[in-house]
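Let me give you the structure first, and then I'll get to my questions.
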2 protein chains.
Amino acid sequence: MESATLDDVASKAGVSAKTVSRVVNGERSVRPQTRERVLRAIEQLGYRPNLLARGLSGAHAYTVGLIYDNPNAYYIIAMQQGALTACDALNFGLQIRTCNSRSPALAEDLRNFVHRSRLSGLVLTTPVSERAASLRKLAAYDIPFVRILSAADDPDDEFPCVYVDDRDAAYAIVSHLLQLGHVRIGFLQGGKHHHASAERLKGYKDALQHYGVPLRKELMIAGDYVFDDGFRGARRLFDLAEPPTAIFGCNDEIAAGALAAAQAAGLHVPYDVSIAGFEDSPFSRHSWPPLTTARQRADVIVERATRMLISRINGNDIENEGFTPELVVRGSTAPPRPKRRQRKRR
Amino acid sequence: MESATLDDVASKAGVSAKTVSRVVNGERSVRPQTRERVLRAIEQLGYRPNLLARGLSGAHAYTVGLIYDNPNAYYIIAMQQGALTACDALNFGLQIRTCNSRSPALAEDLRNFVHRSRLSGLVLTTPVSERAASLRKLAAYDIPFVRILSAADDPDDEFPCVYVDDRDAAYAIVSHLLQLGHVRIGFLQGGKHHHASAERLKGYKDALQHYGVPLRKELMIAGDYVFDDGFRGARRLFDLAEPPTAIFGCNDEIAAGALAAAQAAGLHVPYDVSIAGFEDSPFSRHSWPPLTTARQRADVIVERATRMLISRINGNDIENEGFTPELVVRGSTAPPRPKRRQRKRR
DNA sequence: ACAATTCATGACAGCGCTGACATCACGTTG
DNA sequence: CAACGTGATGTCAGCGCTGTCATGAATTGT
């Protein structure tokens, strides 16, 4: 019933506890044949190292921290799931923490968190992962971390990361709208403090340019990644003399707000106006009509980042990796309805 | 920089480490005067016990597990938040785990989880908290737990719990609809394996009876706590010869489904049909129109439950406690629109 | 007033593991 | 062939805390 200890494995394999420890921690200097024997004993006894003892004894607690500053519950759950999967598989613990990414003391807060729990490293999600100055401080504190962030043109390779190609995904969404025949496409931007916002904006602009559609300032509205800003932004768009026939909301919550605004204004989605989001949150599936969006596998992305981090902690070299969200077409987008307003367009 | 240890506190207070340990753990046999001195030293040094060492040394890991089997991200995040608040305040660790509440091996799974991490106890949320047979096994395994559950008529006081008065809250919602003048009120029930479903049903029935409105079988539709069942259920209601003028969905996701179904059917909410949910999830705020619902403070409830659990682990007696969700009236409910159908009603 | 009991406190081992260092068996090298 | 790496393994202390038991002081009963 009681779980096996290092000593149990050691005597079963006929080696010292320290050697078993070496095998468990993947240290080099163990003869392959010995390693083999130890691994077999571990397998037979179903040995798993005791995190508490490891942490108490070692230089770090064999536990990573998942850091976020994000109000989106679905996103958080998915990220937690991914991190947990990786940690369970690799015998690491997981600590979960919110933070204030705009605090000037961000780096110090994180350092305190790491030191207090003797964390082995951090997985930083957006927008925490984008606070360059704080990251430099963290690195100076010798805290290992892996960040998840939007791919930038100039990939900032200073620190290891998993990047998400927001530009490409936004490009795909806007192209989809353009191909449907939309020309006046509203853009509800997300918070400026997320790099993803700039990337998605770039995808929007690039797609318009590629299809030879001029950019219209009045169709682009700033805001944050929240429902209310989607609602207000869309209302402003509908009030224009020439309102857009399609709206791209920078995430599903913004798009949900736009959807609500459309319905409040008596517009039919998608016949009067098409709406697209970004993220593939349950919102996008559970609205009416369901939202066209870009699927972002936060669980997979974070699992990857967590594995990279642990690998790095174990002293291995790691390589950055990228993901591109995938277009998901649902009922909220359709060809524009020909109508006077559109004909009038110069 | 390094955090203080028991020994630091001990020498500062002029006592042995063991005595400090006694104070920290609230053991009785310490003279008030000594305790005072130790507490002052702890305060001055900012001492916080090391969870790893405590867990390694002691009979349990000073860590509680939060167990859920629930697909609702908002709910989970709120619960985690509450549990974390309590654990941070009381110097306990927190482990978070999903499980399959319908597995016949539920109790064994939980026991393994507890043993593997040497958890001090469990906070069980619905519907895990309702699996009576498994709870008895857990109790037999000597695993302390506190459950969160729907208040039943016959309060099952066998195990400590925090209960939520679902019946009263549902009663309040249906009364609200009745007071608006609705008589044909559809009821979209949640999954049978949640006791809350039965309680909410009871609230529905009680309210109708109190207002002298006969119960109509055809207005009550079974389903689960998911969007799709809300959608399908509402569609069936709209297809009735005499459709309801109001619908009460057993949670916000069901209500969101009903809302989508109404919009898909070209019905205007709330003028053609009123819709109410339960839970006060962001769904209810971010739909159009926003949903009338019952606010359930999952964070507060779970924080309370966690504090109870830790108190119990520390050897104190605890008392059960109750919460009643609070009616929140938003734009999705309004008086029924007088129309032919209603006049025809016999 | 003295043994019997209770209370407050301390000494000490040890939880399971890792870090630092010691050891030993092999080549290598001049 | 002695001196010296180099790689594989072992020894041992100790991380910070709690459980167990020992100790001495205070309190009680007769």
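Just so it is clear: chains get the letters A, B, ... in the order the sequence lines come, proteins before strands, and each one is counted from 1.
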Quickly work out the B:Gln33 CD to D:dA26 P distance and round it to whole Å. 12 Å
Determine whether A:Glu130 and A:His193 make a side-chain contact, defined as any pair of heavy atoms from C-beta on separated by less than 4.5 Å. no
Over how many whole Å does the gap from A:Arg31 atom CZ to D:dT9 atom C1' extend? 9 Å
List the protein contact pattern of nucleotides 17-26 of chain C with one symbol per nucleotide (5' to 3'): B for base contact, S for sugar-phosphate-only contact, - for none; contact means a heavy-atom distance under 4.0 Å. BBBB------
Provide, to the nearest angstrom, the distance between the CZ atom belonging to A:Arg118 and the C1' atom belonging to D:dG16. 10 Å
Determine whether A:Ser311 and A:Asn314 make a side-chain contact, defined as any pair of heavy atoms from C-beta on separated by less than 4.5 Å. no
Taking CG from B:Leu56 and P from D:dG19, how many angstroms apart are they, rounded to a whole number? 12 Å
Are the ring centres of A:Phe159 and A:Phe145 closer than 6.0 Å? yes
Applying ring pair (Phe, Tyr, Trp, His ring centres under 6.0 Å), can you list everything that pairs with A:Tyr68, at least two apart in sequence or on another chain? none
Whole-Å distance separating the CZ atom of B:Arg37 from the P atom of C:dG10: 9 Å
Only residue of A:Thr63, A:Asn91, A:Asn25 satisfying side-chain hydrogen bond (donor to acceptor under 3.5 Å, both in side chains) with A:Arg54 is A:Asn25
Is it true that the side chains of B:Asp69 and B:Ser101 contain a donor and an acceptor less than 3.5 Å apart? yes
Side-chain N,O (B:Thr19) to OP1/OP2 (C:dG10) below 4.0 Å: yes
Could you state the atom-to-atom distance from CZ of B:Arg28 to P of C:dT6 in whole Å? 16 Å
Rounded to whole Å, please give me the gap between CG in B:Asp8 and P in D:dC15. 11 Å
Assign A:Ser29 to base, sugar-phosphate, or nothing according to its heavy-atom contacts below 4.0 angstrom with the strands shown. base
Angle, rounded to 10°, between the helical axes spanning five pairs at each terminus of the helix from C:dA1-D:dT30 to C:dG30-D:dC1? 40°
Hey, does the side chain of A:Ser120 reach the backbone of A:Tyr62 with a donor-acceptor pair shorter than 3.5 angstrom? yes
Could you go through the side-chain contact (heavy atoms from CB on, under 4.5 Å) check for B:Phe113 and B:Leu119 one step at a time? CA-CA 8 Å; B:Phe113 176 46; B:Leu119 297 185; 3.5 Å; yes
Which one of A:Leu138, A:Ile148, A:Val146, A:Leu149 satisfies the side-chain contact (heavy atoms from CB on, under 4.5 Å) criterion with A:Leu124? A:Leu138
Could you state the atom-to-atom distance from CZ of B:Arg35 to C1' of C:dC7 in whole Å? 13 Å
